[in-house]
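Hydrogens, waters and symmetry mates are skipped; everything else that's a heavy atom, side chains included, is used.
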Amino acid sequence: PPPPVGTFSEEERSRQPSLFSVVRSLVDLFGYDADLSRSVDGGQLGLYGSFGYDLTFQFEPIRLARDRPADQRNLVLYLPDEILVVDQDRRDAWTVRYDFRYDGVGTQGLPRDGEAGEFHPFDSEDPVAVEAFSERDTPRGEFADSVERAKREFAVGNLFEAVLSQTFRRKLDADSPPSAVFRRLRSRNPAPYGFLMNLGEEEYLVGASPEMFVRCESTDDNDHFPGAIRVETCPISGTVARGADALEDALRVKSLMMNAKEESELTMCTDVDRNDKSRICIPGSVEVIGRRQIEMYSRLIHTVDHVEGYLRPEFDALDAFLCHTWAVTVTGAPKTWAIQFVEDNERTSRAWYGGAVGMVGFDGGLNTGLTLRTVRVKNGVAEVRAGATLLYDSNPIAEEQETELKASAMIDAVVMKGPEDDGSGRAAATAPVTDAKEKVGTGKSIILIDHEDSFVHTLGNYLRQTGAVVRTLRSGPSALKAIEKMIEDGNKPDMVVLSPGPGNPTDFALSTTLEFLTKNRIPGFGVCLGLQGMVEHFGGTLGVLGYPMHGKPSPVFLTPLGKNEDSIFAGLPDTFEVARYHSLHGIKERLPSCLQVTALSEDGIVMGIQHDSLPYAAVQFHPESILTSPAHGMAILRNALSFLQYADGEGERGEDDAETAAAATAATGAQVIAELEALGVADLKERLKGAGLSTTGTKSQLIVRLALWIHKSQEAKGGRLDLDGMTVPELRELKQGLGLKGTAPTKGALMEVLKNCLVG
């Protein structure tokens, strides 16, 4: 695992000691000039092989929930001494042979031979193998149950998106060795990344992956500096089955492009991908150069984005590789919490699935594809793993069927013999040029507190474009100690930005952070979770949206205060569209008087706040998302840097600064959901009955109802739920959400029923 959080900045995470330190040393040892490599062998020399899914645990600390097979390997790389290069575009092929020499010893003249590893089909006479074999790792119907669990996480804001997978298995006979499966795949399902790898130890990978993982190349043709390394990715999300003919394909494409859920999937994937690049790329260089492009495969149609950036001089291709582990298209968002959810809910370890295959070039380049649409052959058993991208809108049964559809093309290549064919092709794209903007942040220092969010580095990228120096610190005591040390050294930051994140403010002790900022007179700007933290810290109340807004566009409307010249929205239109990723929100009627509302959504949800005396402001939406115009997002951040400052004599705290200690010790939403999921339906109904709540509905509905009761009871007992200040419609909505029986015709009767239920 990586070193402990707090011992390094988040921008330096890819440079922490790991297995990739060894790979980097090998690249440095064999490294040679990129221009020379292009002229000699076309940049072919490097390490070729496969990168396992579990390698991401060397980048992000994750709690393992299941044992790994003793023979599972996570990295197999080969140094070839002979490469057969086939150029499909030029219809040409040639062989490149290498000799290596070091410290007076070389390979020249040595025989180029080795032992042949014969393929062994499944042994039906082996009772152990027969007993261990099963056609799928997840019994039919259980995948849909996992989708229900994911939807409960979406509902409370712990996740925006998750990718769960399952494995299907078939026995291989002597007529279907890996080479035959590879030829069938090339014929029936041609893809940009086709591969056949003999990994040794009776293990093979055969794939037709549609998705680039990370590609890096040095280029002089850029706007930054000669030899800058361009890093590109092509996130794929949004899926529909092929039609019977071209006309039906066109109808399917139209339905796919009009599907808001599928658009949200790709939006989240690309926003996270941009964030991964922003950690290590030159500010302003990360761009979407292709949006929702259509790609067609043998049985599926996908929508694809194309994203590029240019690495800062201190980073290399391996940094780019690590920062993207693994693509949100195979994990989810926020990525760290999604990876933990995958670990907790999938039945078996992923092994190679969701990792990557390809080459690490000795010229500093890199070319890898995601390990998708892949057959893993181990001891004569073919394994096909397929996943589905889950959102709050997901239909559990449909998502399970999607995994079966995705796996079907691979399974056919395993079990159905047929003729061979060939075909592939790619298209390139060029990047637009972005105009330079006013550098209001020049000379300023910003600390960006990371609440384990998957967009924080894109936010940092935007902040750097103001000219400010930005340092990202993972939230917690170590971050506050680091800021305290900066203050002691005379380097107090000009602003602290509170990032978005999953969960709720108490999960990250945001009130403690805000107390620290106020004590040290440091201006603060919050995004999403940052706004929610300010609302709770200054005495307001949070609510839960009836429908989570994850990756959804939404218009916002500026209030009169939001149109002031010193507002963070100064210079913006009265109405503009933004990206929303949240379930929690500040209840407008329950905000403290010190927090002024500067923007609202169409349905009256608070989208912006500003403190009336302290230099604090926040937005509930994501200014860094592709659904928010970059011009608007950058304007908000420039305004924050320009206007959120302490003046002499300011900074005294008012009475509205009250904080509730009980909230800090309350169980988090994630903990409550996890505990309730472990209960059976009978136990859930017993608890609901004891609280006087309705016991009807599905298990998911029972869990949501009981979780709401626990949350509101904690607020009521802690003095944070002001029933007196709520309107009659709000009281009725809360009563209905809790499933309380009986009628309460007046406000007084409603309050009495709710107080008896929540306080006792």
Side-chain angles (χ1 to χ4, degrees), residues 48-53 84 86-89 163 165-170 172 176-199 203-215 233-242 249 293-304 326-327 329-330 350-359 367-378 381-389 402-427:
Y48 290 75
S50 185
F51 303 82
Y53 176 83
L84 172 62
V86 180
D87 189 326
Q88 300 283 3
D89 293 333
V163 181
S165 63
Q166 58 178 325
T167 296
F168 305 86
R169 303 185 183 93
R170 297 293 185 270
L172 284 177
S176 295
S179 56
V181 176
F182 175 66
R183 286 192 293 270
R184 295 169 196 163
L185 275 180
R186 279 181 56 83
S187 172
R188 304 171 196 175
N189 198 37
Y193 289 87
F195 51 92
L196 166 60
M197 293 186 183
N198 183 344
L199 302 178
E203 188 173 20
Y204 307 81
L205 289 181
V206 186
S209 175
E211 185 168 350
M212 176 195 302
F213 176 51
V214 177
R215 184 161 63 193
T233 51
C234 292
I236 292 180
S237 193
T239 304
V240 69
R242 290 289 299 267
D249 274 346
Q293 299 170 321
I294 293 294
E295 290 189 3
M296 293 191 174
Y297 296 91
S298 64
R299 301 192 180 193
L300 299 170
I301 304 172
H302 290 301
T303 47
V304 184
W326 289 113
T329 51
V330 294
R350 288 187 166 188
W352 303 108
Y353 173 82
V357 294
M359 66 92 72
N367 192 356
T368 54
L370 271 176
T371 309
L372 300 172
R373 315 288 163 79
T374 297
V375 181
R376 178 200 183 210
V377 177
K378 180 68 174 176
V381 175
E383 296 183 352
V384 176
R385 198 170 187 117
T389 302
E402 181 176 321
T403 65
E404 295 169 349
L405 173 64
K406 287 179 176 177
S408 64
M410 303 296 109
I411 293 174
D412 279 357
V414 171
V415 301
M416 294 179 60
K417 301 174 177 60
E420 305 165 16
D421 206 347
D422 196 350
S424 64
R426 291 193 64 81

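- Pairing each heavy atom of A413 with each of R188, the nearest pair is CA-NH1, 3.6 Å.
- Take E295 and apply the salt bridge (charged side-chain N to carboxylate O under 4.0 Å, His left out) test, not counting sequence neighbours, and it matches no residue.
- In this structure, CE in M296 is found 5.5 Å from CZ in R242, a value given to the nearest 0.5 Å.
- Note that CZ of R350 and OG of S165 are 4.0 Å apart. Values are rounded to the nearest 0.5 Å.
- For the residue pair T403 and Q166, the shortest heavy atom distance occurs at OG1-NE2, 2.9 Å.
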- After noting the C-alpha distance and the side-chain angles of L372 and Y193, does the key distance pass the side-chain contact (heavy atoms from CB on, under 4.5 Å) rule? CA-CA 10 Å; L372 300 172; Y193 289 87; over 6 Å; no
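- Side-chain contact check for T371 and R376: no donor-acceptor pair (N or O, by modelled atom type) lies under 3.5 Å.
- Heavy atoms only, all atoms of each residue included: F168 and A407 are closest at CD1-CB, 3.6 Å.
- In this structure, S179 and L196 approach most closely via the heavy-atom pair CA-CD2, 3.9 Å.
- For the atom pair N189 CG and L300 CG, the distance stands at 8.0 Å (nearest 0.5 Å).
- Distance alone, capped at 3.5 Å, is enough to place a donor-acceptor pair between the S209 side chain and the L370 backbone.
- Expressed to the nearest 0.5 Å, how far CG of L405 lies from OG1 of T239 amounts to 8.5 Å.
- Under the salt bridge (charged side-chain N to carboxylate O under 4.0 Å, His left out) criterion, E402 pairs with K406, not counting sequence neighbours.
- Between I301 and A241, the shortest heavy-atom contact is CD1-O, 4.3 Å.
- You'll find the side chain of E211 stays beyond 4.5 Å of the side chain of V330, heavy atoms only.
- One N or O on the side chain of T368 and one on the backbone of V214 form a donor-acceptor pair closer than 3.5 Å.
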- Message: Between W352 and E203, does the side-chain contact (heavy atoms from CB on, under 4.5 Å) criterion hold? Intermediate values first, please.
- Response: CA-CA 11 Å; W352 303 108; E203 188 173 20; 2.7 Å; yes
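- Residues passing the side-chain hydrogen bond (donor to acceptor under 3.5 Å, both in side chains) test with T303: none are found, sequence neighbours excluded.
- In this structure, E383 and T167 approach most closely via the heavy-atom pair CB-CG2, 4.0 Å.
- Side-chain contact between T329 and T389 is absent, with no heavy atoms from C-beta onward closer than 4.5 Å.
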- Item | Trace of the side-chain contact (heavy atoms from CB on, under 4.5 Å) decision for R184 with S176 | CA-CA 10 Å; R184 295 169 196 163; S176 295; 3.3 Å; yes
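- Taking R170 as the reference, nothing meets the side-chain hydrogen bond (donor to acceptor under 3.5 Å, both in side chains) condition, with sequence neighbours excluded.
- Here the straight-line distance linking atom NZ of K378 with atom CG of L172 works out to 14.0 Å at 0.5 Å rounding.
- In this view, T233 and D273, K277 satisfy the side-chain hydrogen bond (donor to acceptor under 3.5 Å, both in side chains) rule, not counting sequence neighbours.
- The CD1 atom of I236 sits 4.5 Å away from the OH atom of Y297 when rounded to the nearest 0.5 Å.
- R373 is linked by a salt bridge (charged side-chain N to carboxylate O under 4.0 Å, His left out) to nothing, counting only residues two or more places apart in sequence or in another chain.
- The aromatic rings of W326 and F213 are tilted relative to each other, their planes meeting at an angle between 30° and 60°.
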